[in-house]
Amino acid sequence: MARPLRIEFPGAVYHVTSRGDRRESIFEDDQDRLIFLGTVAQALSRFDAQMLAYCLMGNHYHFVLHTRKANLSSLMRHINGVYTQAFNRRHDKAGHLFQGRFKAILVDIDAYLLEVCRYVELNPVRAGTTRKPHTWPWSSYRAHAGLEPAPEWLDVDGLHGYVLGRPVRSASERHRAGQAYARLVASAGNVSLWDDALQKQIYLGDENFVERMQALADPRNSTDRDIPRIQRSKARTLKQWMRACETRDEAFYRAHTESGISMTQIANEIGLSISWVSRLIKQAENKQAKNKA
């Protein structure tokens, strides 16, 4: 069977898994887990990405990753490679630690982000390692549920924004979102996420989502790199788009697609999380598609 296609583009969200070689353990003790998380933190900063959820198990791990650039493969090679070197030095070993290449599934964030995050954080419960997700210290659940402070590299506010349906703007909203997320996880039951929604091995979404993702993977489609530099230099600023457009969503969409302004730049200027800006741009894109239909 051919290996699934890698689709990488700015603003993509993935469910990523990587397993130990021959399904052997990738963590000998808690110190290994701390070293691994330190490696993740450094890599997310270096490659300009955010973690939306994670869970470390015995012989594998799960991430829900938001990449601001088209660089998932580089990011994952760095994490697995650097950690393998550290693990081998610490335990006086040599050779591969991880089994082949990592697995990545593109996630339709509007339809499945919350589903895939709670799926990741319920891994220890499904495996019988613990009865409740809050008793497993090596996942993002406790931070998402408001039970402990979140590391800087975990986009808790981004996920909480999806829970509330709007950006989180205060401590009280953050607390309310944490409680709502905890109820969402508790109500998961036996969720058959992959049987119901996984398509063509790499898409978590409906047929329209698959078509959009395949279009992004088509090398014939242009990107920001195809826009001449002189043309980009004369493009409108985000503030100009905000004045010219009827809605904020449309302004973000046109600033990103017509002026080449990155989601990171928009998020920094407006004060929203990257994942929330990505969601607003997608909403505007869907509206544009419906208007053209």
Side-chain angles (χ1 to χ4, degrees), residues 11-18 27 30 32-57 60-69 71-72 75-76 78-80 82-83 102 104-105 107 109 112-125 130 132-164 166-171 173-185 263-264 267-268 271-279:
V13 173
Y14 304 90
H15 171 244
V16 177
T17 56
S18 191
F27 307 112
D30 286 350
D32 280 345
R33 293 180 175 90
L34 290 172
I35 292 171
F36 179 78
L37 292 179
T39 302
V40 169
Q42 186 269 341
L44 293 174
S45 175
R46 174 175 175 178
F47 291 91
D48 196 18
Q50 281 183 306
M51 187 76 71
L52 288 162
Y54 73 91
C55 185
L56 310 186
M57 300 297 289
H60 68 284
Y61 63 78
H62 294 259
F63 293 161
V64 181
L65 276 174
H66 178 211
T67 56
R68 295 166 177 164
K69 301 176 181 178
N71 60 358
L72 177 68
L75 168 65
M76 294 306 302
H78 180 89
I79 290 174
N80 283 0
V82 170
Y83 176 68
F102 64 92
I105 295 171
V107 178
I109 57 176
Y112 291 106
L113 178 63
L114 295 178
E115 290 283 353
V116 76
C117 286
R118 73 176 180 178
Y119 169 86
V120 164
E121 293 172 348
L122 283 169
N123 257 261
V125 177
T130 184
K132 300 290 183 180
H134 72 269
T135 62
W136 184 247
W138 304 107
S139 83
S140 49
Y141 175 79
R142 291 183 57 82
H144 285 152
L147 301 176
E148 67 183 25
E152 291 184 1
W153 45 267
L154 181 65
D155 188 12
V156 171
D157 280 353
L159 184 66
H160 282 174
Y162 277 83
V163 174
L164 296 179
R166 63 182 184 280
V168 175
R169 302 188 184 278
S170 67
E173 287 189 340
R174 191 171 293 110
H175 177 70
R176 188 159 60 250
Q179 291 182 321
Y181 182 74
R183 291 193 296 271
L184 180 71
V185 173
M263 293 185 192
T264 302
N268 290 340
L272 298 175
S273 70
I274 304 296
S275 56
W276 192 262
V277 170
S278 175
R279 182 180 186 181

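Under the 3.5 Å distance criterion, with hydrogens and angles disregarded, a donor-acceptor pair is assigned to the side chains of His78 and Gln42.
Remark: of the listed residues Asn80, Asn123, Thr17, Asn80 is the sole one forming a side chain to side chain donor-acceptor pair (under 3.5 Å) with Tyr61.
Phe47 places none of its side-chain heavy atoms less than 4.5 Å from the side chain of Lys69. Side-chain contact check for Val64 versus Leu159: every heavy-atom pair is 4.5 Å or farther apart. You'll find the side chain of Val125 reaches within 4.5 Å of the side chain of Thr130, heavy atoms only. The shortest side-chain heavy-atom distance between Ile109 and Val116 does not fall under the 4.5 Å cut-off. Between Met51 and Leu65, some side-chain heavy-atom pair lies under the 4.5 Å cut-off. Using a 4.5 Å heavy-atom threshold, the side chains of Tyr112 and His15 count as separate. When side chains are defined from C-beta on, Phe63 counts as touching Ile79, because their heavy atoms get closer than 4.5 Å.
Taking both residues in full, the closest heavy atoms of Val168 and Gly161 are given as CG2-N, 3.9 Å, listed atom of the first, atom of the second, then distance. Among all heavy-atom pairs drawn from Leu154 and Ala150, the shortest one is CD2-CB, 4.3 Å. The minimum heavy-atom distance linking Leu52 with Cys117 is given by the pair O-SG, 4.3 Å. When all heavy atoms are compared, the tightest approach of Ala182 to Ala145 is CB-CB, 4.2 Å. When all heavy atoms of Ser278 and His66 are compared, the closest pair comes out as CB-NE2, 4.2 Å.
A donor-acceptor pair under 3.5 Å links the side-chain atoms of Ser140 to the main chain of Tyr54, judged by distance alone.
In summary, the aromatic rings of Phe36 and Trp138 are positioned with their centroids too far apart to meet the 6.0 Å limit.
Phe27 and Tyr83 have tilted rings, their planes meeting at an angle from 30° to 60° on a 0 to 90° scale. Between Tyr141 and Tyr181, the ring planes are tilted. Angles from 30° to 60° get that label. Taking the six-membered ring for Trp and thresholds of 30 and 60 degrees, Trp276 and Tyr162 have ring planes more than 60 degrees apart, a perpendicular arrangement.
Residue Leu75 holds its CG atom at 8.0 Å from OG1 of Thr67, rounded to the nearest 0.5 Å. Taking CZ from Arg33 and CE from Met57, the interatomic distance works out to 9.5 Å, rounded to the nearest 0.5 Å. For the atom pair CG of Leu164 and CZ of Arg169, the computed distance is 11.0 Å after rounding to the nearest 0.5 Å.
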